[in-house]
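Notes follow once the structure below has been shown.
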Amino acid sequence: MASSTPPHYSLTAWKPYQNHPYPQRNHRQNPNHHHQHNNRRHRNNPKLAAAHKFALAKPPLPSPHNSGNAASATAAAAATAAATANDTEDPTFPSLPALNAPKSDLGPEFSGRRSTRFVSKMHPGRHKTNVGARRTSVADEALQHALRYGKDERGLQNVLLTFEPKLCGFGDYTFLLREFGNRSDHLKVVRCFEFAVRRVRRKNEQGKLASVTISILGKLKKVGLARSVFDTALREGYGNNVRAYSALISAYGHSGKSREAIKVFQTMKNSGLKPNLVTFNALIDAYGKGGVELDKVLQILDEMLKNGIQPDRITYNSLLAVCSRGGYLEAAKHWFDEMVYKGIDQDDVTYNTYIDALCKCGQLDSAIEIMSQMPAKNMVPNLVTHSTMVAGYAKAGRSDEALSIFNNMRFLGFKLDTISYNTLLKIHLELGDFQEVVDICKEMDDRGVPKDAGTYNALLAGYGKQKKYDGMTRVYKEMNAAQVCPNLLTYTTLIDLYSKAGLYREAMDAFKELKQAGLELDVVLYSALINALCKNASVDSAVSLLHEMTRVGISPNVVTYNSIIDALGRYMTAEADFGGSRPSCPMFIEDLTENKTADAKEDSRIMKYFGQLASERVGPSKKDSRGRQEILCILGVFKKMHELEIKPNVVTFSAILNACSRCNSFEDAAMLLEELCMFDNQVYGVAHGLLMGYREAMWVQALSLFDEVRHMDPETAPAFYNALTDMLWHFGQRRGAQLVVLEGKRRRVWDNVWSDSCLDLHLMSSGAARAMVHAWLLNIRSIVYEGRELPKLLSILTGWGKHSKVVGDGALRRAIEGLLTGLGAPFQLAKCNIGRFVSTGSVVATWLRESGTLKVLVLEDDRSHPTSGGIHKIPDLQTLAL
DNA sequence: GCCCAGTTCC
């Protein structure tokens, strides 16, 4: 809860300020003292010093007025009450203070499976409304004609020429530009600019037209066009001003190109212009949208302050957006509070952005709490606030509550828009409610809510992930019929899902269309291609593509590397991949930044890969044993990530553990983990320690690591626990494996794992499931020994196993069958469900009472180094299990 | 005149 936020901030998750606590709130009573203190402390670190200067800016006068509207507070209260009622934390999942656990060193990126493509979007509703624009009535008439007769270039030209004598210069042309922008018609924007700039007299007005046009094109994500307008303006002598530069920086931001944005910023300064508040705001925003690290943003803040520019509401809003996208929760809390402290008005954007940051970090209760504070500030949670909450609950896997908020939005009479419908669609698509999906689409049509690329992308992804490829193809046709222009994400989705399905022809067609549409590949698309190659063909091709993308100037990210590591762990020994002359892996990866001179033929190369995939139709050959060579490869890739400053995350960790699980050499696996401790002792230290049998000494650190994993995506956390457990189980650390899996259960990583009558192993890896079977049977045994009766029917569900496509025919079922047979446990396959093992309570009770049963159920580690009289006592099995 | 919030993706 926000209200319980301590007056000083936890520093665990936020590296830049790791050892530099924020001043406490009550420090404001004596700011000078702390100012000096902090200056002294940060003398050798200008960045931190600046951050503190920022944090300790003079307390301002109390704000006499608030922004925001004064609409019905009743509606807000109702909304809040309804939402709060939905946010009941499960009391059986207490928070875990972890005793004396050391504070974590992990950055927010560790647990993040957050998007690594940060591109902003066009919000037609957020355009300058143009309502009060200074224009003549002729402008409206011209607009109508332009829309009707200006379908092609000549038509537009004619309309403009016709109206030219009556249009009143700058005001009217700006109006037209904005209206074309509102209709996402970038060509009209450009033509109108070209026309208008020749017809206004003063350089000043030409400059205005240019910056408005650059801004509009930027928001339409036509940064190339924005750049051309800028260059033209510069060349013709009306573009060398702060506003044009700021607009261009913003335009790069809207396309997620923060590196280009900073270049423009540099150029601007080099040409003698002094960046103003708006420039800095645009740059901070571009950083947020480009997903850069927080310390780069702090550098910009530093520079801003050094130039004597004080941050305003929009600066803070942009900073909060940086936090929301990057998961910098502590920073978000700090800046949100600091706005109050400095008397900077918080508006609905502030609240919504902050609420979004909380939601993205899984802090749903805090988000609700903040939302409930809005009415007191004369703000009503609006459509965006509610959509944010819906998405937040959906992301946390709490779709019931998400849908309930959505229903409340209907009840409150919000006019639902495309984005809120898109969010709703995604939820029903994930639930597999396809009839509901169809109904919602119809409702959108009936209510005249336009479907955008986001709608279709959600539909494509939703159908594709449920393996409904016909549905996907149908949606794509509908999208074309509705003349909604596919964007890069559309093609990424198509290529990714078709490739995963082995439908390479379709994937190749999508790729061709993408090229025809003139779109440029980005890191996400490259990563999707690399992933497809890893999963379906060869690590070797994937690595060439990795070289390729680097060469054309697209930097791989953690997701790209995770695919490679995962593939190395799985398929590295497929001999065919290397044509008999396999280079040593670390070197292979090393030359990644070399070879920049080769001709750019990436398109044809990608087509060639698709061709290979489509014609060969062979999966990678699998081999059970993994050796030193592959382990060295993974180490090499990890080092490369370190060099490139790509921070590994929990997915990387899981992939490495999975590789260890497939490695037959304990020594090699232990060596890998030990080497990796040099890069990240907390994460790999725990894995290595548990593997080596230093369980008791390790457990407190392990708990602290598990705490990090707490607020992860519903799919990421199980993958982590599965991987760690599998690795331990594989190397005979079975009691350790069991402790990990029970800790996962205690933290509700898997839903409803067990009851007295049923053990549900679905979504568990084979190691996790086997460790869990032992624990569950011991639990059942304790019931028998307490003299209580067992349920009549006992079931063990293996579901469909995590990676199996056929119901009940997964590796998991076979593993469990083998385990039960080995234990002599009297379970049989259910007749009507081949993924389910059943028995009766009485038969199982009899078996549990047999003398040898306990011995086979209790797990031991192969390697154990108990700490004599250790201070960190591990809870015993029963405590954990119950 | 230039700058800020919610959806779709590896």
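Just so we're on the same page: letters track the sequence lines, and every chain starts at 1.
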Original post:
Could a donor-acceptor pair under 3.5 angstrom be found where the side chain of T388(A) meets the base of dG6(B)?
Top reply: no
Original post:
Considering only heavy atoms and no angle criterion, is a donor-acceptor pair shorter than 3.5 Å present between the side chain of D417(A) and the base of dG6(B)?
Top reply: yes
Subject >> Proximal nucleotide (of dC3(B), dA5(B), dT7(B)) relative to the R325(A) side chain >> reply: dA5(B)
Subject >> Test applied, side-chain contact (heavy atoms from CB on, under 4.5 Å); reference residue, Y561(A); option that passes from D566(A), L644(A), I530(A), V651(A) >> reply: L644(A)
Original post:
Could K208(A) and F170(A) be counted as a cation-pi pair, given that NZ or CZ must be under 6.0 Å from the ring centre and within 45° of the axis?
Top reply: yes
Original post:
Heavy atoms under 4.0 Å, any strand shown: does K465(A) hit a base, just sugar-phosphate, or nothing?
Top reply: sugar-phosphate
**OP:** Give a yes/no answer on whether the side chain of K395(A) brings an N or O atom under 4.0 Å of OP1 or OP2 in dT7(B).
**Re:** no
**OP:** Just call it for T279(A): base, sugar-phosphate, or nothing, with non-hydrogen atoms closer than 4.0 Å on any strand.
**Re:** nothing
**OP:** Could you tell me whether the side chain of Y456(A) reaches within less than 4.5 Å of the side chain of E478(A), counting heavy atoms only?
**Re:** yes
**OP:** Would you please confirm or rule out a distance under 4.0 Å between OP1 or OP2 of dC3(B) and any side-chain N or O of S250(A)?
**Re:** yes
Subject >> base_contact_polar (dC2(B) base, S211(A) side chain, donor-acceptor, <3.5 Å) >> reply: no
Original post:
Between dG6(B), dC2(B), dA5(B), which one does the side chain of N382(A) approach most closely?
Top reply: dA5(B)
Original post:
If you look at every strand shown and take non-hydrogen atoms under 4.0 Å, does L277(A) touch a base, only sugar-phosphate, or nothing?
Top reply: nothing
Original post:
Which part of the nucleic acid, if any, lies within reach of A244(A) when heavy atoms closer than 4.0 Å are counted: base, sugar-phosphate only, or nothing?
Top reply: nothing
Original post:
NA contact type, T353(A), heavy-atom cut-off 4.0 Å: base, sugar-phosphate, or nothing?
Top reply: sugar-phosphate
Original post:
Side chain of A528(A): nearest nucleotide among dT8(B), dC10(B), dG6(B)?
Top reply: dC10(B)
